[in-house]
Amino acid sequence: MLYEFSQFLDINLFGYISVRAGFAFFIAFVLTLLIMPKYLAWAISKKANQPISKYVPAHEGKRHTPTMGGAVFLVSTIIAALLAVDLSNIYIWGGLITLVGFGLVGFQDDLGKVISGNNLEGLTARGKMGLLAVIAAIATGLLLYTGFPTEFYIPFFKTPLFDMGYFALPFWVLVFLATTNAVNLTDGLDGLATVPSVIALFSLGAIIYVTGHAIFSQYLLVPNIKGVGEVMILASALAGGLLGFLWYNCYPAEVFMGDTGSLAIGGFLAYLAILGKSEVLLILIGIIFVIETVSVILQVGSFKLREKRIFRMAPIHHHYELKGWAENKIIVRFWMISFIANILALISFKFR
């Protein structure tokens with residue numbers, strides 16, 4: 001709306017991506033703050049609480065905490081984005097498909113858990129992966145349809161290693177699935193996934209802004225892809241919605257995002273990384289998500305091969321809980337690691 005308004009009245013101010021990104025951020029932030037109390041009142045009355053695993057007794061006190069709060073910041077994000085973006089931009093629609101599609105899969109999974117009162121209920125792992133893969137294929141297929149470049153880049157190199165061609169589609173779907181599940185695994189402590197997600201959104205938002213900017217991309221020796229910079233507004237809106245959510249999700253949490261939020265965040269981070277040709281750099285940008293996922297892989301692999309556990313419990317944040325670390329200490333230290341890793345990622349972006 002702001003973009004169309006600026007075009008109609010010839011107001012240059014709202015033509016700038018950075019200005020509209022700022023507006024989207026604050027609109028999503030304020031909307032989340034305003035909507036969340038109403039959602040909490042409804043969720044408490046309906047007993048839409050987070051089922052707690054019997055293997056994490058320290059979380060027993062969280063049993064009556066409402067879940068599916070991710071729906072609130074997703075709605076706020078979409079409203080803010082629709083008010084600020086250029087709706088004729090095809091990359092915006094890919095982002096919206098990702099947020100809405102992954103969010104709906106997560107919502108269905110959360111709903112099954114809440115109704116059954118069992119954290120292991122909801123969608124089956126195969127069913128959830130299948131639905132997410134279909135949505136990822138639609139979003140990435142849209143990119144291929146528009147002629148989006150399929151070259152594969154890695155950090156420190158200004159030229160692509162090779163052109164993936166149509167093999168880009170399965171690779172991008174894999175990036176989607178890996179990222180969304182990594183964020184989902186991380187969402188186990190109050191605010192643990194929220195802040196690293198906000199930090200990653202700012203980093204990837206900056207990268208795609210540069211990628212879509214003719215002058216900045218030439219200066220930093222990165223590929224220039226016309227139109228992708230507009231998606232920075234959507235990233236900014238989601239960051240604003242997440243900060244509003246953090247007001248209620250910080251320790252001790254009044255609400256959890258559930259799979260509704262974590263799957264949508266992971267899918268959108270993957271989408272941003274693909275647009276910014278930063279699929280490999282995403283490993284550093286989302287380092288906390290990577291560490292959590294690797295800890296699960298190592299734990300499962302070790303138990304199957306040696307019948308021994310590496311960690312007291314996986315994902316690794318539970319390991320530190322069982323070691324006696326205070327929950328807020330784990331959370332803040334993981335935030336610090338995420339912040340440092342993203343600074344390093346942005347620095348590496350300059351060396352090509």
Side-chain angles (χ1 to χ4, degrees), residues 91 94-95 97-99 101-102 129 132-133 135-186 196-197 199-212 217 220-225 227-229 231-232 234-235 238 263-294 297 338 341-352:
Y91 300 119
I97 288 170
T98 299
L99 282 174
F102 278 60
M129 287 298 99
L132 294 177
I135 297 164
I138 292 172
T140 52
L142 184 63
L143 292 180
L144 290 177
Y145 176 77
T146 60
F148 187 79
T150 55
E151 291 87 0
F152 181 74
Y153 286 81
I154 61 173
F156 307 113
F157 285 78
K158 62 183 178 181
T159 56
L161 292 187
F162 53 85
D163 190 340
M164 295 183 288
Y166 286 107
F167 288 104
L169 183 62
F171 171 68
W172 287 340
V173 170
L174 180 63
V175 172
F176 266 96
L177 296 181
T179 309
T180 195
N181 279 284
V183 176
N184 186 238
L185 285 172
T186 306
S197 296
I199 296 171
L201 284 168
F202 277 113
S203 296
L204 289 168
I207 289 172
I208 63 169
Y209 179 74
V210 168
T211 303
S217 61
L220 291 171
L221 302 176
V222 299
N224 176 232
I225 306 172
V228 300
V231 185
M232 174 191 171
L234 191 51
L238 182 55
L263 295 184
I265 292 169
F268 189 65
L269 290 177
Y271 182 71
L272 291 176
I274 291 167
L275 291 185
K277 292 297 175 184
S278 301
E279 297 96 336
V280 175
L281 195 59
L282 181 60
I283 295 172
L284 187 56
I285 290 173
I287 189 65
I288 292 299
F289 309 133
V290 173
I291 291 171
E292 295 276 24
T293 304
V294 170
I297 294 171
S338 178
N342 275 261
I343 294 296
L344 292 173
L346 292 176
I347 290 173
S348 73
F349 199 65
K350 178 66 177 73
F351 293 98
R352 289 176 181 261

Quiz: residues 285-294 side-chain donor-acceptor pairs under 3.5 angstrom, not counting sequence neighbours:
from	atom 1	to	atom 2	distance (Å)
Glu292	OE1	Ile316	N	3.2
Glu292	OE1	His317	ND1	3.2
Glu292	OE2	His317	ND1	2.7
Thr293	OG1	Phe289	O	2.8

Can you list the residues that meet the side chain to side chain donor-acceptor pair (under 3.5 Å) rule with Asn342, with sequence neighbours excluded? Ser203

The side chain to side chain donor-acceptor pair (under 3.5 Å) partners of Thr98 (sequence neighbours excluded) come to none

Which atom names give the shortest non-hydrogen contact between Val183 and Ser197, and what distance separates them? CG1-OG, 4.4 Å

Measure across Ala139 and Gly94 and return the closest heavy-atom pair with its distance rounded to 0.1 Å. CB-O, 4.3 Å

Beyond-backbone contact of [X] with [Y], side-chain heavy atoms, under 4.5 angstrom:
| X | Y | answer |
| --- | --- | --- |
| Pro196 | Thr186 | no |
| Phe268 | Thr179 | no |
| Phe148 | Ile274 | yes |
| Leu204 | Met232 | no |
| Leu272 | Leu234 | no |
| Tyr271 | Val175 | no |

Below 3.5 Å, can you tabulate the donor-acceptor pairs from side chains in residues 159-174 to any protein atom, sequence neighbours excluded?
from	atom 1	to	atom 2	distance (Å)
Asp163	OD1	Thr150	OG1	2.4
Asp163	OD1	Gly165	N	2.9
Trp172	NE1	Glu279	OE2	3.1

List the residues meeting side-chain contact (heavy atoms from CB on, under 4.5 Å) with Leu220, not counting sequence neighbours, and say none if there are none. Val210, Val222, Phe349, Lys350

Sorted by chain and residue number, the side-chain contact (heavy atoms from CB on, under 4.5 Å) partners of Ile135 (sequence neighbours excluded) come out as Ile97, Phe102, Val105

Under the side chain to side chain contact (heavy atoms under 4.5 Å, CB included) rule, what do Ile154 and Leu281 come out as? Steps first, then yes or no, please. CA-CA 7 Å; Ile154 61 173; Leu281 195 59; over 6 Å; no

Mind running side chain to side chain contact (heavy atoms under 4.5 Å, CB included) on Leu143 and Leu275 for me, showing each step along the way? CA-CA 9 Å; Leu143 292 180; Leu275 291 185; 3.8 Å; yes

Would a distance-only check, ignoring hydrogens and angles, find a side-chain to backbone donor-acceptor pair under 3.5 Å from Lys277 to Ile208? no

